[in-house]
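Treat the numbers as computed from the prediction; the structure is a model and nothing was measured.
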Amino acid sequence: MKYSSIVTPAEVIALAFSDGGYVAAENIGEVDIATAVRRWVKPVVGEALLGAVTLSRYKELRDEYLKPTVALYTRLLVQPRLNAVTSQLGLTVAAGASSKVAEASLREEHLRAIKTRAHAALRALSDYLNDHVEEISEYNPKENVLNRCSCDGGFVQIF
């Protein structure tokens, strides 16, 4: 299944990189999008519904809930990679005159903020699905991991 039909690399940039700096769409690979979907979104949405969305069904669900969620989790995956560059010289960081590498504590804080936004988007997606279960035949609320387990506030809760 091609998950980049849910959100493109350019859309990931537009939706998840709203903090002002330039990031080229080439920095987001289809494998990054697919990994984000498989790791975080599929356990909530389910394979059948993802398949229906890739076939252009459920436009509102895709545009309002899936795209932002996938974009934010994709950013969570690629952000550490953007902080450094791998080349034949190994792992390097940019050292320009107009900017400097962010401190480790700031990078960690930034990743936590991205993770918080992504989790909130995933929770909104889950709520939307549960509110529209009768309208979305491919969705099975019993398969939604957030209906069985939650990790809010540092505590794992199993229902």
Side-chain angles (χ1 to χ4, degrees), residues 1-84 86 102 106-159:
M1 184 175 315
K2 192 167 183 170
Y3 295 122
S4 60
S5 65
I6 295 172
V7 64
T8 66
E11 289 171 320
V12 169
I13 300 295
L15 291 166
F17 288 84
S18 58
D19 31 1
Y22 172 75
V23 177
E26 293 79 26
N27 288 311
I28 309 296
E30 286 187 23
V31 70
D32 299 319
I33 294 169
T35 301
V37 170
R38 285 187 189 104
R39 182 169 179 190
W40 288 290
V41 177
K42 185 178 171 184
V44 171
V45 174
E47 185 71 28
L49 181 52
L50 283 174
V53 170
T54 61
L55 296 173
S56 299
R57 294 191 59 204
Y58 306 112
K59 183 179 178 350
E60 178 185 4
L61 169 65
R62 185 193 68 216
D63 292 347
E64 300 297 320
Y65 296 94
L66 270 175
K67 281 185 180 191
T69 303
V70 174
L72 286 163
Y73 277 112
T74 301
R75 179 173 184 179
L76 187 64
L77 280 175
V78 302
Q79 186 65 51
R81 198 174 68 224
L82 295 174
N83 293 338
T86 302
L106 183 57
R107 291 191 309 268
E108 291 168 7
E109 182 180 309
H110 194 238
L111 276 178
R112 275 194 307 276
I114 296 167
K115 186 175 183 178
T116 299
R117 287 178 65 203
H119 183 71
L122 186 65
R123 181 59 76 180
L125 169 62
S126 177
D127 291 345
Y128 176 88
L129 292 172
N130 289 328
D131 290 345
H132 295 86
V133 69
E134 294 85 20
E135 302 159 27
I136 305 171
S137 62
E138 295 86 352
Y139 174 64
N140 181 353
K142 292 179 182 177
E143 292 180 6
N144 181 341
V145 70
L146 293 180
N147 290 339
R148 299 188 314 267
C149 179
S150 177
C151 297
D152 295 322
F155 295 98
V156 176
Q157 302 171 2
I158 300 173
F159 327 115

For this session: Nearest 0.5 Å please: distance from the CD atom of E135 over to the CD atom of E60.
Result: 8.5 Å

Problem set entry | Verdict with supporting geometry, L72 and L15, side-chain contact (heavy atoms from CB on, under 4.5 Å) | CA-CA 8 Å; L72 286 163; L15 291 166; over 6 Å; no

Problem set entry | L111 CG to Q79 CD distance, which is reported to the nearest 0.5 Å | 6.0 Å

Problem set entry | Side-chain donor or acceptor of R148 paired with backbone N/O of K142 under 3.5 Å | yes

For this session: Write down the atom of Y73, the atom of L122, and the distance for their closest heavy-atom approach.
Result: OH-CD2, 3.7 Å

For this session: Could you pull out the closest heavy-atom pair between P80 and L76, with the gap in Å?
Result: CD-O, 3.5 Å

Exercise. How many angstroms lie between NE2 in H132 and OH in Y65, if you round to the nearest 0.5 Å?
Worked result: 7.0 Å

Exercise. Does a donor on one side chain and an acceptor on the other come within less than 3.5 Å for E64 and Y128?
Worked result: no

Problem set entry | Interatomic spacing from CG in L82 to CG in L77 - rounded to 0.5 Å | 11.0 Å

Please tabulate, one pair per line, all N/O donor-acceptor pairs under 3.5 Å involving side-chain atoms of residues 39-50, not counting sequence neighbours.
residue	atom	partner	partner atom	Å
K42	NZ	E47	OE1	2.9

Exercise. Is there a side-chain contact between L129 and P141 (heavy atoms, below 4.5 Å)?
Worked result: no

For this session: Would you check if V37 and T74 make a side-chain contact, meaning some heavy-atom pair closer than 4.5 Å?
Result: no

Problem set entry | side-chain hydrogen bond (donor to acceptor under 3.5 Å, both in side chains): pairs with one or both residues in residues 18-31, sequence neighbours excluded | D19-R75, D19-H110

Exercise. Quick one: does I33's side chain get under 4.5 Å of V70's, heavy atoms only?
Worked result: yes

Problem set entry | Side chain proximity check, Y139 to L61, heavy atoms < 4.5 angstrom | no

For this session: Using a 4.5 Å cut-off on heavy atoms from C-beta on, say whether the side chain of I6 contacts that of R62.
Result: yes

Exercise. Where is the tightest heavy-atom contact between A25 and P9, given as atom of each residue plus distance?
Worked result: O-CB, 3.6 Å

Problem set entry | Nearest heavy atoms of S126 and N147, plus distance in Å | OG-OD1, 4.2 Å

For this session: Flag the pair R112 / E109 as yes when at least one side-chain heavy-atom distance between them is below 4.5 Å, and no otherwise.
Result: yes

For this session: Identify the heavy atoms of L66 and L125 that sit nearest to each other, and give their distance.
Result: CD2-CD2, 3.8 Å

Seminar exercise, completed: Residue set satisfying side chain to side chain donor-acceptor pair (under 3.5 Å) with R81, at least two apart, ordered chain then number -> D32

Seminar exercise, completed: When rounded to the nearest 0.5 Å, the distance separating OG1 of T69 from NE2 of H119 is 11.0 Å

